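Structure first, commentary second.
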Amino acid sequence: MAASLVFRLHDRGPELVREVLLERGWEEYNEGEREEEDWNLYWRGSLFQTSQYHNLLPWQRLNHHPKTVGITRKDCLARNLRRMKATFGSALYDFSPTTFILPNDYTCFLAEYNRLRLARGTSVYWIVKPVDLSRGRGIFIFEDIKDLVYDCSVVIQRYISSSLLISGYKFDLRIYVCVKSFHPLTVYIHQEGLVRFATEKFNLSSLHNLYAHLTNTSINKFGPFYKTEKGRVGRGCKWTMSKFRHFLHSQQINELLLWQRINNIVTLTLLAIATSVPSCPNCVELFGFDILIDAKFKPWLLEVNYSPALTLDCQADISVKKKLVSDVIDMMNYTSTDSLRDRAYRKHRYKQPCFKANHPSEPVLSTLNHQKKKRGNKGSHTQILPLLKTSHQPEKTKRGKLKQRDLEANYQRCLPPFELSKIREARCRIINTSAIKLHTNQTQNPILGQDSRTNESALNRQSRQPLVSYLMNNGSLYRSDVTNHDNSETEAERQRSGETDISSLTPDTQESEEAFTRPAASWKLPNIYSTKPVRITAEKTTGNGQNIPPVKVGDFIRTFPFNRATLKASQHELDIRTVLQEIQSLTGQLVSGKGHKMKSRREEKVTADKDADTDFDSLLWGPKDPPLISQFFKST
Ligand code: ADP
């Protein structure tokens with residue numbers, strides 16, 4: 001009988017993810033009944049530990065990429081955007097309000113404060129936000145520096161006092177962005193999203209009234225006017241993006257250009273960390289970008305949430321978030337993994353998990369529980385990768401009590417049988433490759449630098465991917481796209497999310513150190529048969545063999561790469577300059593509405609190729625029925 005895919009939720013939430021997955025026929029991971037590795041998706045609101053990235057198995061997915069704190073913490077975001085602006089100019093990086101990080105930047109802030117006070121006739125306002133708090137906590141707005149008081153690290157940001165209002169109420173947009181991969185950068189933005197309103201009329205003479213100045217739902221749902229009819233806004237404090245589109249139609253603006261500018265903000269922000277995020281193809285992450293639109297319809301980035309709220313507070317939430325989560329699951333594309341596992345079982349007659357097959361009469365649960373108790377319920381390790389660890393890290397074998405021969409026997413029982421000689425051969429090859437790489441690549445960690453990682457861990461890290469690939473190739477399994485492990489984190493970082501319950505931000509203290517101690521019989525392959533067919537999001541390939549990610553997954557629209565040039569620029573070393581030129585060019589075409597006239601000479605040169613090559617096209621994200629870029633510019 002086909003068994004279900006298995007999901008694992010940290011701290012029993014979010015409930016919506018559980019609901020969606022159960023509806024799709026998944027089963028929830030139960031610690032008492034399943035082995036540590038017996039899951040396909042682990043979803044958590046907080047960070048994963050380094051070891052969790054290291055020990056991912058080919059069929060497992062996580063809902064966070066490592067090291068995205070560079071955009072999800074307010075001070076890191078400010079620093080990174082400042083760096084991008086300094087490197088690539090402010091022509092494109094002009095979407096973030098001027099920000100200072102206090103206490104460090106106090107002198108700079110003071111200089112700017114005084115400059116603006118002297119230079120401008122009108123008042124200038126500032127907003128202060130603690131760097132590691134969320135949901136509007138600790139935020140205040142001031143005009144006079146005598147009101148600036150802080151006792152923790154804060155960002156102080158130019159307050160956008162001319163925000164666009166609807167019936168006198170301030171609002172911002174919650175844009176849902178799914179990063180399918182950082183290497184190569186592959187970004188999708190959901191067509192639906194939320195508009196979040198303040199619940200009291202905007203008024204600069206009452207800076208202390210948070211219900212008028214902050215648009216956080218966590219604040220406004222407790223406001224005295226939450227349930228009151230508020231002009232065009234209506235009751236409550238949220239709209240869907242669809243409703244906002246209707247509103248935009250009534251405005252005399254270039255709607256497409258607004259959407260494109262928001263799209264640009266997303267890409268440009270992700271570019272700021274794209275080269276420093278380690279490659280982890282098993283991860284797919286949903287970000288919440290908060291965008292404020294000013295009275296001139298210019299969008300501004302307020303912050304990026306790495307764990308956007310998935311609670312259902314109102315009808316708008318229900319109509320947006322359920323589909324959103326479902327589309328994120330589709331984005332994870334379990335089909336290839338299913339085939340991989342399916343073949344492993346069928347080809348090698350592993351019709352049932354090894355444990356049950358080998359010991360049909362044994363009391364499975366009690367045995368597993370017993371084993372878990374024995375190892376203190378700490379994270380056990382896999383048989384595939386720690387086996388490599390052992391072979392390369394003699395000192396670690398102190399922990400792994402099994403001898404090499406036992407490990408190989410163990411390994412054979414757990415995986416479809418491969419010839420041991422091939423495994424040994426593979427190990428030799430891996431050791432050699434790793435040694436060469438270590439020799440030639442002095443800086444193992446582009447983010448933390450040479451000293452951040454021992455050679456041992458670098459060796460270990462580099463050794464994993466090739467063996468799994470080797471097994472895929474030589475064991476007649478599908479070559480999976482989920483075998484790469486290149487985690488550069490050296491310690492778990494705490495990230496702060498705009499909507500995440502702060503208590504869930506503390507990473508688990510369990511450290512997966514007790515590898516190799518488990519008897520072979522206790523290990524079983526996870527159940528990967530899905531009772532429901534999994535929707536396939538097929539990738540196309542260009543003439544020269546580059547993969548083109550699907551243009552749409554559910555209501556997610558691929559926004560990067562958006563043309564052949566950006567595809568090429570992101571395939572190997574990310575060529576940020578080329579990407580920026582392409583963004584500028586596309587935006588320029590939308591500004592004029594006459595694409596062909598705006599083409600640069602370089603673009604004209606490649607136009608002939610583009611026209612001949614119809615296998616790459618993208619949709620313009622944002623409008624109700626997003627047009628294909630090629631069609632849109634042909635028709636203008
Ligand atoms: P939090 O993580 O606490 O939600 P945000 O940066 O999202 O912090 O700010 C909370 C709210 O404050 C935003 O939703 C927005 O309404 C308002 N806000 C934040 N920064 C600005 C700004 N620079 N100008 C105008 N309003 C802002």
Side-chain angles (χ1 to χ4, degrees), residues 45 69 71-78 81 94-102 109 112-113 116 123-143 148 150 152-166 168-176 193-204 206-223 233 237-239 265 269 287-296 298-309 311 494-502 505:
V69 70
I71 54 170
T72 57
R73 230 180 92 127
K74 294 177 177 72
D75 50 344
C76 300
L77 175 68
L81 292 181
D94 65 342
F95 53 82
S96 172
T98 310
T99 308
F100 301 90
I101 303 160
L102 267 49
F109 164 67
E112 180 67 358
Y113 173 85
L116 289 171
S123 303
V124 177
Y125 301 90
W126 300 91
I127 184 165
V128 182
K129 318 184 216 179
V131 297
D132 56 0
L133 286 186
S134 57
R135 291 181 273 149
R137 288 173 296 179
I139 293 184
F140 63 94
I141 301 153
F142 73 90
E143 185 187 1
L148 171 60
Y150 59 97
C152 59
S153 186
V154 296
V155 293
I156 181 162
Q157 194 170 67
R158 183 86 181 264
Y159 186 66
I160 296 163
S161 54
S162 58
S163 44
L164 185 64
L165 306 177
I166 296 181
Y169 293 89
K170 178 177 172 176
F171 64 92
D172 71 0
L173 308 183
R174 163 59 55 89
I175 308 288
Y176 293 106
L194 291 167
V195 183
R196 306 171 318 165
F197 287 91
T199 44
E200 292 193 29
K201 286 202 172 174
F202 188 75
N203 183 351
L204 283 169
S206 63
L207 294 179
H208 298 300
N209 185 357
L210 297 185
Y211 299 122
H213 291 279
L214 305 193
T215 52
N216 301 78
T217 307
S218 48
I219 289 176
N220 283 288
K221 69 180 174 189
F222 298 112
V233 175
C237 67
K238 271 184 198 167
W239 279 5
I265 290 177
T269 305
F287 292 99
F289 278 62
D290 292 348
I291 306 281
L292 188 91
I293 301 173
D294 72 16
K296 292 182 179 161
K298 175 180 162 65
W300 296 88
L301 176 69
L302 298 184
E303 72 157 349
V304 183
N305 296 277
Y306 84 104
S307 196
T311 44
R494 289 167 190 224
Q495 300 188 21
R496 297 291 189 256
S497 147
E499 300 289 339
T500 305
D501 181 354
I502 217 77
L505 289 166

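From a predicted model like this one, the values you see are computed outputs, not experimental measurements. Just so you know, ligand 1 is whichever comes first in the structure, and atom 1 is the first atom listed for that ligand. Positions are given from 1, in the same order as the sequence printed here.
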- Message: side chain to side chain contact (heavy atoms under 4.5 Å, CB included) for Leu210 and Ile139? Distances and angles first, verdict last.
- Response: CA-CA 9 Å; Leu210 297 185; Ile139 293 184; 5.5 Å; no

- N/O of Ile139 under 3.5 Å from N/O of ligand 1, yes or no? no

- Query: Is it the side chain (CB and beyond), the backbone, both or neither of Lys74 that lies under 4.0 Å from ligand 1, heavy atoms counted?
  - Reply: side chain

- What do we get for Lys170 next to ligand 1 when only non-hydrogen atoms under 4.0 Å count, side chain, backbone, both or neither? side chain

- Of all the atoms in ligand 1, which lie at a distance below 4.0 Å from a heavy atom belonging to Asp290? 7 (O)

- Query: Between atom CG of Asn216 and atom CZ of Arg174, what is the distance when rounded to the nearest 0.5 Å?
  - Reply: 9.0 Å

- Task: With heavy atoms only and a cut-off of under 4.0 Å, state how Ile160 meets ligand 1: side chain, backbone, both or neither.
- Result: both

- Item | Test salt bridge (Lys or Arg N to Asp or Glu O under 4.0 Å) applied to Asp294 and Lys296, step by step | CA-CA 5 Å; Asp294 72 16; Lys296 292 182 179 161; over 6 Å; no

- Taking non-hydrogen atoms only, is Thr215 closer than 4.0 angstrom to ligand 1 via side chain, backbone, both or neither? both

- Mind checking whether Lys129 contacts ligand 1 via backbone (N, CA, C, O), side chain (CB onward), both or neither, at a 4.0 Å heavy-atom cut-off? side chain

- Query: Counting from 1, what ligand 1 atoms have a heavy atom of His213 closer than 4.0 Å?
  - Reply: 16 (O), 17 (C)

- Among Ile156, Leu214, Asn216, closest by heavy atom to atom 10 (C) of ligand 1 is Asn216

- Query: Looking at Ser134, which atoms of ligand 1 are within less than 4.0 Å of one of its heavy atoms?
  - Reply: 2 (O), 3 (O)

- Item | Min side-chain heavy-atom separation Leu214-Phe140 under 4.5 Å | no

- Message: Geometry only, no angles: is Glu303 polar-contacting ligand 1 at N/O separations under 3.5 Å?
- Response: yes

- Task: Considering non-hydrogen atoms only, spot the tightest contact between Pro130 and Gly138 and give its length.
- Result: CD-O, 3.4 Å

- Please report the shortest heavy-atom distance between Lys170 and Thr215, naming the atom on each side. O-CG2, 3.8 Å

- Message: Quick check for you: to the nearest 0.5 Å, what is the distance between Asp290 atom CG and Arg196 atom CZ?
- Response: 4.0 Å

- Using distance alone, decide if ligand 1 has a nitrogen or oxygen within less than 3.5 Å of any nitrogen or oxygen in Gly136. yes

- Closest non-hydrogen atoms of Val69 and Cys76, given as atom of the first, atom of the second and distance, are O-CB, 3.4 Å

